[in-house]
Every structure is written in C-alpha cells, then in structure tokens.
Amino acid sequence: MGDLDDPRRLAQFRSSLVQLDSDGVLDECVRDAAARAEAPVALVTFVMSKVQLFRAAVGLPPELEMSRAISRCDSFCQFVVQNESAFVVNDARTDPRVPQAMVRMYGITSYVGVPIRAQGEVLGSLCVADGKPRAWAAALVDDLASIGMRVSRRLDQMSSRMPSKAPPDLASPELEDRLERAIRSLLLERRTASA
C-alpha cells in the first residue's frame with residue numbers, strides 16, 4: 001500500500017514535471033487512452049500533497065481546464081496511488097469507495113485509472129472517465145497499463161533532465177497553494193452561479 005505523503009514520492013514532483021505546458025508524448029497518450037476506452041475524458045494526473053494536478057488532458061469541463069487541478073481529497077486517482085494498482089469504478093453514484101464531489105460537480109460517474117511512475121515512485125495515474133455508468137471491459141485495464149508505461153518512460157526522461165549534482169528543483173508549496181486557491185475560487189463561482 002502506497003503512502004500519499006511519502007517524502008520520497010513527493011520529492012519526485014520537480015518543477016520540470018509539473019509545468020502545465022503541453023508535452024507531445026503525454027498529449028498523445030491521453031488521446032490514445034480516450035480512443036481505446038471510447039471515453040470523453042482522459043488524463044495524466046499527479047497526486048501531490050494537497051492537489052491533484054492534470055498534467056495532460058482531453059475532455060475536461062471548462063472550469064477544470066482553467067484550474068488544471070482539483071483538491072486531492074476529491075480525486076479518484078488518490079486510490080490508484082494508495083493501492084499502487086488499477087482502480088475501476090463502474091458507477092460512482094453508488095460506490096462507497098469514492099468521494100462524491102466529482103460526481104456532484106462534474107458528473108463523473110465511471111472511471112478507470114492505472115499507476116504512472118517516475119524513478120520508481122507512483123506519482124499519479126493515467127485515467128479515463130465518463131459521465132455515464134460503464135461496465136468497463138477487463139481488457140481496458142491492460143490497454144491503459146500499456147499506455148501508462150509510455151507515460152512513465154516519458155516522466156523518467158523529464159525527471160532525468162536535471163543534472164545529478166544539482167540540488168532538487170522541487171515543485172514549490174506555493175504552486176500547490178496557488179492551485180488550491182484557484183480551485184476554491186472556481187468552486188465559489190460555480191456555487192454563486194447556481195444559486
């Protein structure tokens with residue numbers, strides 16, 4: 001069982017990994033995952049200390065496209081990291097394992113995620129999601145795991161760009177704080193608009 005707050009795991013979140021600029025390999029992987037699953041949403045996510053960052057994505061709702069993150073406690077991907085294995089949800093509305101915030105706010109009803117790694121540590125997931133219940137085919141987990149290995153190879157390449165003698169260029173707590181504030185602001189706007 002993985003520890004979400006393991007310092008060795010969190011130390012992998014170097015700024016070179018968590019930049020939000022587009023990466024061709026990661027973008028191709030999420031497009032492939034969406035196509036294989038025939039799902040509207042596919043993501044490469046990083047489960048950090050406070051937030052889950054969307055490093056590459058297709059099909060995000062506009063608010064999430066803007067924030068590129070959600071609170072870690074609301075994520076489904078946290079269970080991929082904790083279990084260090086695939087996590088499958090066929091109908092989140094009736095699944096007691098998952099937080100209901102994503103169901104209520106964004107209609108995420110079904111989900112499949114597989115671990116992605118850098119330097120051997122599980123950082124997050126390659127996942128697909130849909131707004132309707134799905135009986136995901138068992139073969140999909142294998143397909144996503146194969147794409148997830150491509151993601152992991154790319155993350156290892158990105159991690160290894162830092163010179164070995166250089167001090168770690170870790171993602172700052174300020175980045176997570178900024179993302180968390182953006183999430184709260186978007187949620188407040190959403191609540192105000194629906195009131």
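- Follow the hydrophobic side-chain contacts under 4.5 Å out from Leu26 and you never reach Met149; the two are in separate clusters.
- Counted within 6.0 Å of CZ on Arg8, heavy atoms from surrounding residues, nucleotides or ligands total 12 or fewer; the atom is thus considered open.
- For the pair Val58/Val41, no side-chain contact is recorded, criterion being any heavy-atom separation below 4.5 Å from C-beta on.
- Within a 6.0 Å radius of CD in Glu84, other residues, nucleotides and ligands contribute more than 12 heavy atoms.
- Considering only heavy atoms from C-beta on, Ser110 stays 4.5 Å or farther from Asp91 through its side chain.
- Note that the CZ atom of Phe13 and the CE atom of Met48 stand 5.5 Å from one another [nearest 0.5 Å].
- With values rounded to the nearest 0.5 angstrom, Gln12 atom CD is found 10.5 Å from Phe46 atom CZ.
- Checked against Val81 for a side-chain contact (heavy atoms from CB on, under 4.5 Å), the options Val122, Leu123, Asp6 give a single hit: Val122.
- Nearest heavy-atom pair, Ala86 versus Val141, reported as atom, atom and distance to 0.1 Å: CB-CG1, 3.6 Å.
- The shortest non-hydrogen separation linking Ser49 to Leu10 is N-CD2, 3.8 Å.
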Discussion item. Go through it in stages, so that I can follow the logic: the residues are Leu126 and Leu43, the test is side-chain contact (heavy atoms from CB on, under 4.5 Å), and I'd like the CA-CA distance, side-chain angles, deciding distance and then a yes or no.
Written reply: CA-CA 6 Å; Leu126 169 71; Leu43 309 164; over 6 Å; no
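- By the rule that hydrophobic residues join a cluster once side-chain heavy atoms approach within less than 4.5 Å of another member, Val151 and Val30 end up as members of one cluster.
- To the nearest 0.5 angstrom, Asn90 atom CG is 8.5 Å from Trp136 atom CH2.
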Worksheet item: Between Asp32 and Arg150, does a salt bridge (charged side-chain N to carboxylate O under 4.0 Å, His left out) hold up when you go through it step by step?
Response: CA-CA 11 Å; Asp32 287 352; Arg150 287 173 30 212; 2.8 Å; yes
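- The pair Asp5-Arg72 meets the salt-bridge criterion, since a charged nitrogen lies less than 4.0 angstrom from a carboxylate oxygen.
- Scanning all heavy atoms of the two residues, the minimum distance from Gln119 to Ser159 falls at NE2-CB, 3.6 Å.
- Using a 4.0 Å cut-off between charged side-chain N and carboxylate O, Arg154 and Asp23 make a salt bridge.
- One hydrophobic cluster, built from ILVMFWY side chains closer than 4.5 Å, holds both Val114 and Val128.
- Taken from SG in Cys77 to CZ in Phe87, the straight-line distance is 9.5 Å, to the nearest 0.5 Å.
- Considering all non-hydrogen atoms of both residues, Thr109 and Gly131 come closest at OG1-O, 3.2 Å.
- Hydrophobic clustering of Ile, Leu, Val, Met, Phe, Trp and Tyr side chains at less than 4.5 Å, counting indirect connections, keeps Leu4 apart from Ile70.
- The side-chain heavy atoms of Val89 and Val98, taken from C-beta on, include a pair separated by under 4.5 Å.
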Item to complete: Evaluate the salt bridge (charged side-chain N to carboxylate O under 4.0 Å, His left out) criterion for residues Arg55 and Asp27: first the C-alpha distance (whole Å), next the side-chain angles of each, then the deciding distance (0.1 Å), finally the verdict.
Response: CA-CA 9 Å; Arg55 182 59 180 86; Asp27 292 344; over 6 Å; no
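- Side-chain contact check for Val112 versus Cys127: every heavy-atom pair is 4.5 Å or farther apart.
- Distance check, rounded to the nearest 0.5 Å: CD of Gln78 to OG of Ser125 gives 11.0 Å.
- Taking CZ of Arg93 as the start and CD of Gln100 as the end, the distance is 10.0 Å to the nearest 0.5 Å.
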